[in-house]
Amino acid sequence: MPNTRRNRVLIVGAGLAGVSLALRLAQEGIAVTVLAKKGLTEGSSLYAQGGIAAALSKRDSFESHIQDTLDAGAGLCRKRVVEFIVRQGPENIQWLIEQGVEFSRFTDETRVNQYHLNREGGHSHRRVIHSRDATGKAVETTLEGRARQSPNIVVLENHIAVDVINSRRPGVEPPTRCLGVYALDLRSGKVKTIGADFVVLATGGASKSYLYTSNPDTSTGDGIAMAWRSGCRVADMEFVQFHPTCLFHPRAKTLLISETVRGEGGKLSLPDGTQFMAAHDSRAELAPRDIVARAIDYEMKRHGVEHVNLDISHKSPEFIREHFPNLYQLCKRYGYDMTQAPIPVVPAAHYTCGGVLTDIQGRTDLPGLYAIGESAWTGLHGANRLASNSLLECLVLAQSAGADIARQLDEFDAPGMELAAWDESLVTDPDEQIVVSHNWDELRRFMWDYVGIVRTTKRLQRAHHRIDLLKEEIKDYYSNFRISNDLVELRNLLAVAELTVLCALERRESRGLHYTLDYPQPNDTGYARDTVLTPKNFVGRHNGPLWHGPVRVGNRS
Ligand code: FAD
Ligand code: SIN
């Protein structure tokens, strides 16, 4: 393949957002290239357990799903966005079924062929369609199969996008537009210049900026950092969702214990057996995640214990093995039998509610650049994401971004610019890899200690100070040495860590996932505000207004 190639649509990332967009476009006859920094399916989507929220049952309604999303979002959801995404849910589930995804069905004779729906915290109905307890695997592998067969999709695995190329680069005249990306081919070590008429960032979240996380290694916030560097605004990064229950075990790097375990009756207790959730919230184990994670954090600190326990062993072994076959096996591998005894759990960073500010077509501030999935901020999640709304958002935004890109492609006349090749003339091979690995560890540790579930202004300032020091070091390293996967990711992790801390410092109240001891209550002016950060090289936007401004708490318009 030549070093420089021009594409119509380049999608960076092949999680549910990226791969479903690729398929949507390919099914319209549009040629797309998909980059993935590891294998095609590796990313958070592959590990999703609980399922996808959609109002599918006769007893449920769009209104109820909308209200539950607004309630979890603690006054910051954009109601129009919530309505749009929730209402598109059932047809997107139908699309997945048409692609061949097999969702779990009831096994009893009276409801044969009906899909089984899971219950999760914050949902007032059973509404989470799933494939046993490994929904992500079922969805990703089915869509992967389709993508690999499509003549319209070119897949470039082991390619990590480094930066967005835009027309503000020296020597190139406005109009400002995204023109492609630089991507490091991890096998050859060469940086390719990949031109495209439209670039879509579908790179997932940034939870790897924390020491303990449920996420795979790919979640390093690359798309958010790239969009920010290319002049796009970023919003609400302070809202980091900590999943209440990840397995506590020295060898279990990232084993999430699905919320559906609590949905099916799992109880949380201290190591001495005392249950505590009812004392924190009337919904007990089924309260939204922010409440459950904070309650666990509080009880762990109060009692000086390293973990709490999650117990579903009061259900029959058949029920547990039928509903949680994957978790049952994985826990057994670590020496725990869910059917017999409680399992030790702790909270861990799970989901990035903030991200690149977009509209409901996924358009960012930079014309030609889109962001969808966990890397984007649409206004759906507000201050706290409702469980299983993330995969839903990936699907709906892939659909709407796909339609928008298809519409624009017809009219778009490529500027035909010569793109500058990546310049390596002034760099040498890195001398000390240890600088990168040491800084990775340091960053993730202080983010956990200072920017975790419970924050204070002083801790946030400490984190900010350390980020400043690391930034200098990494800037120097990045300018002088050839880039590697770890260096690219570290640079991005630092950028997203800084955005998280800046947003957290700006929010002088506690709301949803952001809890600070210095301002323990929500502000009571009647308005809730998103934290929108604008980069120095802000490019503005040519396609119409994006969401900003305060949201009135109460009617949540
Ligand atoms: P991802 O699936 O993370 O995919 C990102 C893609 O981008 C990957 O292909 C990655 O390789 C690629 N990439 C990243 N950076 C670059 C780069 N620089 N260059 C090239 N490629 C790059 N949500 C739900 O709604 N329901 C659930 O049941 C659920 N369970 C979950 C369980 C776990 C363990 C985890 C971690 C998350 C869960 N979530 C769930 C959240 C949900 O899975 C994610 O929010 C969602 O999958 C994100 O999809 P995505 O396509 O945006 O990103
Ligand atoms: C889970 O199964 O608990 C994860 C669901 C989600 O993150 O939405």
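First listed ligand is number 1; within each ligand, the first listed atom is number 1. For this chain, numbers begin at 1 and follow the sequence in order. Bear in mind the structure is a predicted one, so any value in this text is a computation, not a measurement. The figures here come from the full heavy-atom set of this structure, side chains too, leaving out hydrogens, waters and symmetry mates.
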N or O pair under 3.5 Å between [X] and ligand 2:
X      : value
Arg385 : yes
Asn389 : no
Leu256 : no
Arg289 : yes

Practice task
With heavy atoms of Glu120 as the reference, note each atom of ligand 2 found under 4.0 Å away.
Solution key: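 By the 4.0 Å cutoff, the relevant atoms are 1 (C), 2 (O), 3 (O), 5 (C).
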
Fill in the blank from the handout: Per-atom filter on ligand 2: closer than 4.0 angstrom to a heavy atom of Ala387 are 8 (O)

Handout entry: Derivation of the ring-ring contact (aromatic ring centres under 6.0 Å, His included) call for His116 and Phe103
Key = CA-CA 8 Å; His116 179 268; Phe103 291 110; over 10 Å; no

Report, in ascending order of atom number, the atoms of ligand 1 lying under 4.0 Å from any heavy atom of [X].
X      : value
Asn215 : 36 (C)
Gly204 : 3 (O), 5 (C), 52 (O), 53 (O)
Ala202 : 5 (C), 6 (C), 7 (O)
Ser390 : 23 (N), 25 (O), 41 (C), 42 (C), 44 (C), 45 (O), 46 (C)
Gly50  : 28 (O)
Glu42  : 8 (C), 9 (O), 10 (C), 11 (O)
Arg385 : 23 (N), 24 (C), 25 (O)
Tyr47  : 32 (C), 33 (C), 34 (C)

Just to be sure I'm reading this right: ignoring hydrogens, which of [options] gets closest to [atom]? Compare them by their nearest heavy atoms.
atom                    : options                : result
atom 52 (O) of ligand 1 : Lys37, Glu374, Lys38   : Glu374
atom 26 (N) of ligand 1 : Ala48, Gly51, Ala161   : Gly51
atom 43 (O) of ligand 1 : Pro216, Ala14, Ser44   : Ser44
atom 16 (C) of ligand 1 : Asp222, Asn158, Asn485 : Asp222

Which heavy atom of the protein is the closest neighbour of [atom], given with residue, atom name and distance?
atom                    : result
atom 37 (C) of ligand 1 : His350 CE1, 3.4 Å
atom 51 (O) of ligand 1 : Ala17 N, 3.0 Å
atom 20 (C) of ligand 1 : His159 O, 3.3 Å
atom 2 (O) of ligand 2  : Ser258 OG, 2.7 Å
atom 12 (C) of ligand 1 : Gly13 CA, 3.5 Å
atom 14 (C) of ligand 1 : Thr203 O, 3.3 Å
atom 47 (O) of ligand 1 : Ser45 OG, 2.7 Å
atom 8 (O) of ligand 2  : Ser388 N, 2.6 Å
atom 3 (O) of ligand 2  : Glu259 N, 2.6 Å

Handout entry: Asp217, Asn215, Thr218, Thr254 screened by side chain to side chain donor-acceptor pair (under 3.5 Å) with Lys208, the one that passes
Key =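 That would be Asp217.
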
Handout entry: Cationic N near anionic O, under 4.0 Å, Asp185 to Lys190
Key =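 Salt bridge flag = no for Lys190 with Asp185.
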
Handout entry: Nearest non-hydrogen partners of Thr142 and Gly100, listed with the distance
Key = CG2-C, 3.6 Å

Practice task
Determine whether any heavy atom of Ser219 lies closer than 4.0 Å to an atom of ligand 1.
Solution key: no

Practice task
Examine ligand 1 and decide if any of its atoms is less than 4.0 Å from a heavy atom belonging to Thr135.
Solution key: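 Thr135 does not count as a contact of ligand 1 under the 4.0 Å cut-off.
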
Problem - Region of Ile160 that comes within reach of ligand 1 [heavy atoms, distance under 4.0 Å] - result: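 Both backbone and side chain of Ile160 come within 4.0 Å of ligand 1.
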
Exercise for the section: May I ask you to check whether Tyr328 and Phe324 place their ring centers less than 6.0 Å from one another? Expected result: no

Practice task
Measure the acute angle between the ring planes of His514 and Phe239, then classify it against the limits of 30° and 60° as parallel, tilted or perpendicular.
Solution key: perpendicular

Practice task
Could you establish whether Ser390 and ligand 2 come within less than 4.0 Å of each other, counting only heavy atoms on the residue side?
Solution key: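 Contact check Ser390 vs ligand 2: negative.
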
